[in-house]
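Okay, structure first, notes after.
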Amino acid sequence: MHNDFSKYLKDLLIDRFAEEVKMKKLTTYKIGGPAQFYAEPVNRDELIAILKACRDNNINYKVIGSGSNLLVSDNGYNGMIINLRQMKKTEIAFGKVYAQCGITLGRLAVLTKDNYLSGFENLSGIPGTVGGALAINAGSLGSEISDHVLFVDVLTEDFNKLRIYKSDLKFGYRSSNLNDYIITGAQFQLNDGSIEEISKKMIEGQKWRQTNQPLNLPSCGSVFKKVGDKSAGYYIDRSGLKGVRTGGAIVSVKHANFILNYNNASSSDVLNLIEKIKETVLKKYNVMLETELIMVGFDEKEKREY
């Protein structure tokens, strides 16, 4: 059965389909074992064809973007990883921007700036894609991607196309009502601006990140969600956990909410350090931290524990 499945996708995608692909090369954490199957569609029709092939052959699948918010198991993923990074076309007209799900926020910020449009400059340093950013309502420096969205195009669980308008979108802090769908694109309304002012804000944001975030080692960005009006880093820092290590993973001394892969860390190293942080903060402050990262290749019991 899998031979027919592989042949179909090789014929469809040519060199954009592969087997036993190392996931550590496809995540910002640089951690993870091999994916059994791997595909990169360039448009929605190819994506639907891949999804239907997985369904018809009872193969599990996981859709990813830039891999910036993922922790992949050392055992890899038994199924199909569908990477949407090739779906990155944009259309810009009259202050409106339509972006496919796979374009990075950084690239979209540059494109909109070059078209004298303001709105994405504060998001430009987030190492993620439009699709991933919408799913978690990513934000930075006082801006969230939901601030400018008009509608989002998705695929339903039956792989049907659906357009969800702003009135039916529900965004919260690092949350949305889009997690039961596969996001394929979205339209945004931006404001007129000058290239000079937009560039200035992007440079200021870049300097802020270089000063406040550990960008020299692999990570997934912030590991834990904000707790009320306090950052998770506030509790981790005051619990004396900066610099604490487990195997090849370490709590950043620059930003306590970053766990870094400083020496060939395994996924187990990261999970053990997460557990240590949660237990320490709970004991000291009676605060239960909740992770932001997406876990791939772990069983449901393991996921629930984190």
Side-chain angles (χ1 to χ4, degrees), residues 28-29 31 68-71 105 119-128 132-149 169-179 201-202 204-246 249-262 265 267 269-295 302-306:
T28 58
Y29 239 145
I31 293 173
S68 61
N69 200 32
L70 301 182
L71 178 64
L105 295 178
F120 281 116
E121 50 267 38
N122 285 349
L123 306 179
S124 64
I126 298 175
L134 285 165
I136 66 166
N137 191 22
S140 179
L141 303 174
S143 298
E144 293 178 323
I145 193 167
S146 59
D147 294 342
H148 301 283
V149 69
L169 292 168
K170 294 181 176 63
F171 291 103
Y173 172 72
R174 300 299 175 266
S175 67
S176 76
N177 61 337
L178 294 167
N179 290 299
K201 287 184 180 180
M202 291 172 70
E204 288 172 351
Q206 183 180 30
K207 287 180 178 178
W208 183 89
R209 290 182 181 88
Q210 289 171 344
T211 301
N212 294 282
Q213 296 180 349
L215 305 179
N216 59 321
L217 288 171
S219 78
C220 71
S222 295
V223 174
F224 297 99
K225 295 180 181 180
K226 189 176 179 181
V227 183
D229 61 350
K230 293 280 197 304
S231 69
Y234 169 89
Y235 293 105
I236 299 167
D237 186 1
R238 283 156 181 77
S239 296
L241 292 167
K242 279 186 173 180
V244 171
R245 304 179 182 187
T246 300
I250 185 172
V251 179
S252 169
V253 296
K254 180 180 278 191
H255 192 307
N257 200 15
F258 279 59
I259 293 177
L260 308 177
N261 175 3
Y262 83 98
S267 62
D269 291 341
V270 175
L271 290 183
N272 288 337
L273 193 48
I274 286 173
E275 191 59 29
K276 184 170 187 174
I277 291 167
K278 289 175 67 175
E279 288 177 355
T280 303
V281 171
L282 182 61
K283 184 176 181 180
K284 189 173 179 64
Y285 290 102
N286 196 32
V287 169
M288 177 61 74
L289 296 179
E290 182 182 353
T291 59
E292 286 187 13
L293 54 78
I294 297 168
M295 297 173 63
E302 290 175 308
K303 290 180 184 178
R304 283 196 298 272
E305 288 175 351
Y306 296 94

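Any value given below was found using the heavy atoms of this structure, including those in side chains, with hydrogens, waters and symmetry copies removed.
- Within the 3.5 Å criterion, the main-chain N or O of Phe258 finds no donor-acceptor partner in the side chain of Ser252.
- Here side chain to side chain donor-acceptor pair (under 3.5 Å) pairs that include residues 216-244, with residues two or more places apart or in two chains, are Lys225-Glu290.
- For Tyr262, the side-chain contact (heavy atoms from CB on, under 4.5 Å) partners two or more places apart in sequence, or in a different chain, are Leu217, Arg245, Ile250.
- Here Ala249 pairs with Ile259, Ala265, Asp269, Val270, Leu273 under the side-chain contact (heavy atoms from CB on, under 4.5 Å) rule; sequence neighbours left out.
- Scanning for side-chain hydrogen bond (donor to acceptor under 3.5 Å, both in side chains) contacts around Ser143 gives Asn122, with sequence neighbours left out.
- Shown here are the ring pair (Phe, Tyr, Trp, His ring centres under 6.0 Å) partners of Phe224, two or more places apart in sequence or in another chain: there are none.
- With sequence neighbours left out, the side-chain contact (heavy atoms from CB on, under 4.5 Å) criterion links Ile294 to Lys62, Asn69, Leu70, Val296.
- Among residues two or more places apart in sequence or in another chain, the side-chain contact (heavy atoms from CB on, under 4.5 Å) test is passed with Asn286 by Leu282.
- Scanning for salt bridge (charged side-chain N to carboxylate O under 4.0 Å, His left out) contacts around Glu144 gives Arg174, with sequence neighbours left out.
- A donor-acceptor contact shorter than 3.5 Å is absent between the side chain of Asn177 and the backbone of Leu169.
- Ser146 and Asn137 form a side-chain donor-acceptor contact under 3.5 Å, judged by distance and modelled atom types alone.
- For Leu105 against Leu123, the heavy-atom pair with the smallest separation is CB-O, 3.6 Å.
- For Ser124, there are no side-chain hydrogen bond (donor to acceptor under 3.5 Å, both in side chains) partners at least two apart in sequence or on another chain.
- With sequence neighbours excluded, no residue forms a ring pair (Phe, Tyr, Trp, His ring centres under 6.0 Å) with His148.
- Residues that satisfy the side-chain hydrogen bond (donor to acceptor under 3.5 Å, both in side chains) test with Ser140, not counting sequence neighbours, are Arg209.
- Thr246 contributes no side-chain N or O that, together with a main-chain N or O of Asn272, makes up a donor-acceptor pair within less than 3.5 Å.
- With sequence neighbours left out, the ring pair (Phe, Tyr, Trp, His ring centres under 6.0 Å) criterion links Tyr29 to no other residue.
- Within a 6.0 Å radius of NZ in Lys254, other residues, nucleotides and ligands contribute more than 12 heavy atoms.
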